[in-house]
Structure formats: C-alpha cells, structure tokens
Amino acid sequence: MRTESGPEAEVESEPEDAGEPRLGSRAPRFIRASRPLHLSWQVGVFLVGLAVVAAGAAMLVLPGPGWVVIFAGMAIWATEFVWAQLVLRWTKRKVKEAAKKALDPRVRRRNIILTAVGGVIAAIGCGYYVWAFGFQLPWNVAW
C-alpha cells in the first residue's frame with residue numbers, strides 16, 4: 001500500500017483485489033485536487049447518469065433497450081460514486097451466477113423438456129382451432 005500526497009492524503013490506494021478495480025472517484029487528479037471543481041464534476045456526472053437512467057426507464061414502456069440503457073447509466077454513475085460501483089459489482093455477480101445456473105446441464109434439460117411440452121400443447125390448441133373453425137381469423141369466427 002502506498003499513501004498519496006496532497007489533498008488525497010487521507011485516502012490510501014489499495015492493490016486491486018481479484019481483478020476488481022478500487023472503489024472511489026475516477027475523475028482526473030487535477031479535478032480531485034480542487035474541492036469546488038470536484039463537486040461540480042460529481043454534479044455533472046450525476047446529472048448525465050440520471051438522464052441516461054431516466055431514458056432507460058422510459059424505454060421499459062417505449063421501444064428500446066431499456067435495461068441496457070439503465071445499466072449504462074449505472075456505469076456512468078459508477079465512475080464517480082462508490083454506491084453505484086457496489087451496485088454494479090453486485091449486479092455483475094448475480095448475472096454471472098444466473099448464467100452459470102442456466103448453463104447447468106440439468107437446468108438446460110428441464111428447460112428443453114418444458115419448451116417441448118409447451119410446443120406440443122400449443123400445436124394441439126392450434127389443431128383444435130383449425131378442426132373446429134377452419135382456416136379463419138379469430139375475429140371472423142361466428143360463435
């Protein structure tokens with residue numbers, strides 16, 4: 001561990017643990033050196049991240065990749081705020097766990113069986129509809 005000099009003297013930089021970058025601001029050193037400049041930098045990063053997250057939230061109900069944009073906004077916040085860095089680390093860990101679970105052969109086999117059963121049920125339903133009503137659109141069927 002080494003201690004930095006200057007206004008950041010109370011902050012110690014730690015070696016990276018398990019490939020994870022250190023927590024804290026990633027603003028350039030000259031910005032972190034001035035408290036008013038660093039505060040305005042943080043406000044700017046927060047507002048840009050907020051705009052991106054708000055656009056992603058709107059895309060959840062409108063056309064667009066909502067969750068991708070929300071995570072992009074979180075990544076913008078994570079360049080400056082420790083809480084966002086921790087949320088992003090937690091999310092990445094959960095996504096890796098879900099991917100590992102989804103690639104488990106037993107889970108894949110179960111999902112394939114459930115998909116096949118659902119496909120058979122849908123085919124039976126479509127076959128019954130054609131047998132009962134012929135090749136007509138559902139809104140033209142006279143009940």
Side-chain angles (χ1 to χ4, degrees), residues 1-130 132-133 135-141 143:
M1 273 190 211
R2 66 177 172 75
T3 304
E4 297 180 6
S5 62
E8 304 165 337
E10 68 275 357
V11 178
E12 294 183 358
S13 30
E14 299 185 14
E16 297 186 11
D17 297 325
E20 302 234 355
R22 68 176 180 85
L23 296 174
S25 175
R26 289 180 177 74
R29 187 177 301 261
F30 73 93
I31 290 177
R32 289 183 303 203
S34 168
R35 181 71 182 147
L37 189 58
H38 191 220
L39 187 60
S40 60
W41 175 271
Q42 286 181 326
V43 168
V45 168
F46 181 78
L47 291 176
V48 170
L50 183 64
V52 173
V53 168
M59 287 183 203
L60 291 176
V61 293
L62 299 171
W67 285 110
V68 173
V69 175
I70 288 173
F71 289 127
M74 287 297 298
I76 291 170
W77 279 337
T79 63
E80 196 58 35
F81 303 108
V82 173
W83 62 266
Q85 293 167 0
L86 294 174
V87 168
L88 226 46
R89 282 185 184 179
W90 179 83
T91 304
K92 286 179 185 178
R93 190 171 55 249
K94 291 298 179 182
V95 166
K96 286 179 184 177
E97 289 172 9
K100 185 177 177 183
K101 189 183 289 185
L103 294 176
D104 181 22
R106 292 177 302 204
V107 174
R108 290 186 67 193
R109 187 173 27 254
R110 182 199 65 202
N111 290 345
I112 289 171
I113 291 170
L114 288 174
T115 302
V117 168
V120 168
I121 291 171
I124 289 172
C126 289
Y128 174 76
Y129 178 85
V130 170
F133 302 107
F135 288 103
Q136 292 186 18
L137 296 175
W139 49 85
N140 292 334
V141 172
W143 298 94

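In this text, all values refer to a predicted model and were calculated from it rather than measured experimentally. Excluded from the calculations below are hydrogen atoms, water molecules and symmetry mates; all remaining heavy atoms, backbone and side chain alike, are included.
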**OP:** Working to the nearest 0.5 Å, report the span between CG of L47 and CD of Q42.
**Re:** 12.0 Å
Original post:
How long is the gap from NZ on K94 to NZ on K101, to the nearest 0.5 Å?
Top reply: 8.5 Å
**OP:** For K100, enumerate each residue passing the salt bridge (Lys or Arg N to Asp or Glu O under 4.0 Å) test, keeping only those at least two apart in sequence or located in another chain.
**Re:** none
**OP:** Could I get the full list of salt bridge (Lys or Arg N to Asp or Glu O under 4.0 Å) partners for R106, not counting sequence neighbours?
**Re:** D104
Original post:
Applying ring pair (Phe, Tyr, Trp, His ring centres under 6.0 Å), which residue pairs with at least one partner in residues 39-63 are found, sequence neighbours left out?
Top reply: F46-W77
Original post:
Looking only at heavy atoms, what is the nearest atom pair of M59 and G66, with distance?
Top reply: CB-CA, 3.6 Å
Original post:
With V130, which residues qualify under side-chain contact (heavy atoms from CB on, under 4.5 Å), at least two apart?
Top reply: F135
Subject >> Residue list, side-chain contact (heavy atoms from CB on, under 4.5 Å) with V117, at least two apart or on another chain >> reply: I113, I121
Subject >> ring-ring contact (aromatic ring centres under 6.0 Å, His included) involving F30 - partner list, sequence neighbours excluded >> reply: none
Original post:
How close do L88 and A78 get, heavy atom to heavy atom, and via which atoms?
Top reply: CD2-CB, 3.7 Å
**OP:** Could you pull out all residues at least two apart from T79 that satisfy side-chain contact (heavy atoms from CB on, under 4.5 Å)?
**Re:** V45
Original post:
Got a sec, which residues hit side-chain contact (heavy atoms from CB on, under 4.5 Å) with R108, two or more places apart in sequence or on another chain?
Top reply: none
**OP:** Give a yes or no on this: more than 12 heavy atoms of other residues, nucleotides or ligands lie within 6.0 Å of atom CH2 of W90.
**Re:** no
**OP:** Quick one: closest heavy-atom pair of W83 and M74, and the distance?
**Re:** CZ3-CE, 4.2 Å
